[in-house]
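The residues of the chain are indexed from 1 along the displayed sequence. Indexing begins at 1, ligand by ligand and atom by atom, following the structure's order.
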Amino acid sequence: MTQVEGEVAGVVRRHAAAALSWDTARELAHATATPLLPRGLPLADAVGCVLATPLVSPALVPPVDRAAMDGYAVRGAGPWTLVGTLLAGSALAAPLSDGQAYSIVTGAAVPAGTTAVLPYEHATLARDKVDGPTTPGRHIRRAGEECTPGELLLPAGTLITPQAQGLAATLGLDRLSVIPKPRVLALITGDELTHRGPSSPGRTRDAIGPMLPTLITRAGAKSHEVVHLKDSREALVTALAGTEAEVILVSGSSASGPADHLRGALGSLGAELLIDGVFCRPGHPQALARFGDGRVVVGLPGNPLAALTAFLTLGVAVIRGLRGEQLDKLAVAAVVGGVDCHPTSTRLVPVRFSPQGVVPVGHGGSAMLRGAAAADAFAVVDPGPAEAIAARLLPMDPGTRPWGV
Ligand SMILES: Nc1nc2c(c(=O)[nH]1)N[C@H]1C(S)=C(S)[C@@H](COP(=O)(O)OP(=O)(O)OC[C@H]3O[C@@H](n4cnc5c(N)ncnc54)[C@H](O)[C@@H]3O)O[C@H]1N2
Ligand code: MOO
């Protein structure tokens with residue numbers, strides 16, 4: 001058991017909320033989420049989900065030997081006499097005899113007895129006689145060369161990409177057994193928030209509500225319409241109790257001021273508070289709670305960059321768990337010029353890629369999104385006494401997967 005796994009097990013045993021290290025919080029959020037029950041979904045809905053059962057070929061692909069080039073299906077040695085034309089949609093033709101050829105298009109089934117397909121550009125044609133160089137088997141796609149019935153093509157847990165969707169269609173499948181995408185509801189609190197025009201004294205333009213739906217979708221979940229709530233415990237209780245979404249994000253109620261009602265609302269609904277603060281900057285006052293029915297609540301701090309770090313930390317970890325996916329392991333990169341560590345908290349520093357490593361872009365204060373908007377990732381800077389010259393990378397875009405190692 002790693003140190004982080006030990007800490008997660010300790011929190012689960014204690015059933016007590018605590019402020020946790022960034023890594024432990026992420027792992028606990030992931031472990032808290034049980035994968036949703038598998039469903040058979042049409043291919044268009046299954047894309048972006050993970051396979052619940054292995055994809056096993058039900059078919060021979062291709063089902064018959066097919067031409068791989070536009071040209072002539074020939075038998076034996078040339079020259080050959082043309083006896084007909086075969087298109088991709090043609091019915092299976094009569095077998096060829098020695099010295100015969102069909103004009104054929106790519107993808108058409110070759111007649112029985114075909115020795116090879118001779119591409120047009122290598123052929124000479126005189127009236128109904130065709131000639132040219134061939135080698136046996138050339139330019140024929142053999143039946144079953146992609147797969148045969150019963151072959152394992154993709155293991156359970158594979159992400160259905162558009163490519164896998166196309167493969168499933170090739171196999172003749174209309175549905176796939178997948179773990180469905182979790183539904184996520186974002187509740188934005190704050191009496192001071194406005195949704196049009198600029199901020200002004202006493203009015204702050206909502207910056208979290210606009211960014212969450214796309215972040216949720218990119219993380220592989222389905223976003224409900226964002227709901228804006230007044231700062232009241234009753235409004236929060238009603239909204240939390242009244243949704244079937246598996247994940248509820250609540251922004252702007254996570255600290256302990258007079259307008260911060262999240263903990264009170266969770267308490268009155270009997271939710272179990274599992275994480276109460278994470279040792280990271282920004283994003284310290286994030287929270288994680290679970291209802292008896294398994295629904296998970298993630299508390300996002302009101303400062304916009306802190307809300308973003310909390311979503312990418314706890315929100316994405318929960319979504320990965322519900323989707324039946326592993327927590328992303330993060331790639332490591334050199335930080336050009338180094339970056340100061342915080343003595344006790346993980347720093348999340350907006351950075352951009354460069355050929356030499358990642359470069360901090362600045363403007364990473366918790367109330368501003370300027371740095372994040374210009375960045376590719378957060379550098380995850382572990383706590384320490386001095387400066388870090390390398391850091392793990394948490395992608396700004398939770399749909400970016402190649403960085404997982
Ligand atoms: N006594 C303490 N006070 C605070 C603590 C603490 O630990 N003890 N933590 C600070 C940190 S760090 C953060 S982050 C904030 C989080 O507070 P809340 O989650 O309760 O959020 P609010 O107080 O409502 O808002 C904080 C700040 O962000 C603005 N805001 C809120 N929502 C939005 C939004 N959707 N779009 C743009 N800006 C938003 C809000 O107007 C405030 O300026 O607490 C600190 N305090
Ligand atoms: O840590 Mo707060 O979440 O920095 O703004």
Side-chain angles (χ1 to χ4, degrees), residues 17-22 25-26 29 184-216 223 225-233 235-236 239-240 248-267 273 275-289 297-315 340-350 362-373 378-381 383 394:
L20 300 174
S21 73
W22 187 78
R26 214 169 150 249
V184 181
L185 170 66
L187 303 175
I188 309 293
T189 72
D191 289 347
E192 77 282 23
L193 297 181
T194 179
H195 308 289
R196 280 174 179 217
S199 299
S200 58
R203 284 258 160 257
T204 300
R205 176 71 186 258
D206 171 26
I208 299 174
M211 69 177 168
L212 281 178
T214 308
L215 285 168
I216 290 165
S223 179
E225 203 165 317
V226 170
V227 172
H228 302 279
L229 294 180
K230 287 286 163 205
D231 282 325
S232 101
R233 182 199 281 213
L236 206 44
L240 288 169
I248 307 143
L249 308 173
V250 181
S251 81
S253 282
S254 63
S256 36
D260 298 331
H261 298 292
L262 180 60
R263 283 163 187 74
L266 291 172
L273 188 62
I275 299 178
D276 194 2
V278 174
F279 290 111
C280 73
R281 304 248 169 139
H284 174 258
Q286 51 189 292
L288 183 82
V297 179
V298 179
L300 308 178
N303 281 321
L305 192 71
L308 176 63
T309 63
F311 176 75
L312 295 177
T313 301
L314 297 185
D340 288 337
C341 300
H342 184 279
T344 54
S345 285
T346 297
R347 288 189 65 203
L348 297 167
V349 178
H363 297 101
S366 74
M368 59 180 84
L369 288 171
R370 181 172 163 182
F378 282 108
V380 179
V381 183
L394 183 69

Review point. N/O to N/O below 3.5 Å, does that happen between Gly283 and ligand 2?
Key: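 Yes, there is a polar N/O contact under 3.5 Å.
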* Could an N or O of ligand 2 be found under 3.5 Å from any N or O of Arg281, whether backbone or side chain? ->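 Between Arg281 and ligand 2 (N or O atoms, distance only) the closest approach is not under 3.5 Å.
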Selection from [options] by shortest heavy-atom distance to [atom]:
{"atom": "atom 43 (O) of ligand 1", "options": "Leu212, Ile188, Asn303", "result": "Asn303"}
{"atom": "atom 38 (N) of ligand 1", "options": "Asp206, Thr189, Thr204, Asp191", "result": "Thr204"}
{"atom": "atom 10 (C) of ligand 1", "options": "Pro301, Pro285, Gly299", "result": "Pro285"}
{"atom": "atom 21 (O) of ligand 1", "options": "Ala307, Gly283, Gly302, Ala310", "result": "Gly302"}
{"atom": "atom 22 (P) of ligand 1", "options": "Gly209, Ser251, Gly252", "result": "Gly252"}

Looking at ligand 1, would [X] count as a contact under a 4.0 Å heavy-atom criterion?
{"X": "Arg281", "result": "no"}
{"X": "Ser366", "result": "no"}
{"X": "Ser253", "result": "yes"}

Just jot down the ligand 2 atoms closer than 4.0 angstrom to any heavy atom of Asn303, in number order.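 Under 4.0 Å from Asn303, ligand 2 has these atoms: 5 (O).
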Handout entry: Under 3.5 Å: N/O of Leu193 near N/O of ligand 1
Key =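 No; the residue has no nitrogen or oxygen that sits under 3.5 Å from a nitrogen or oxygen of the ligand.
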| request: Indicate yes or no: does an N/O atom of Pro304 lie under 3.5 Å from an N/O atom of ligand 1? | output: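 The answer is no, given that Pro304 and ligand 1 share no N or O pair closer than 3.5 Å.
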Discussion item. Would the distance check show the side chain of Thr309 and the main-chain N or O of Ala306 forming a donor-acceptor pair, the cut-off being under 3.5 Å?
Written reply: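 Checking the backbone N and O of Ala306 against the side chain of Thr309, a donor-acceptor pair under 3.5 Å is found.
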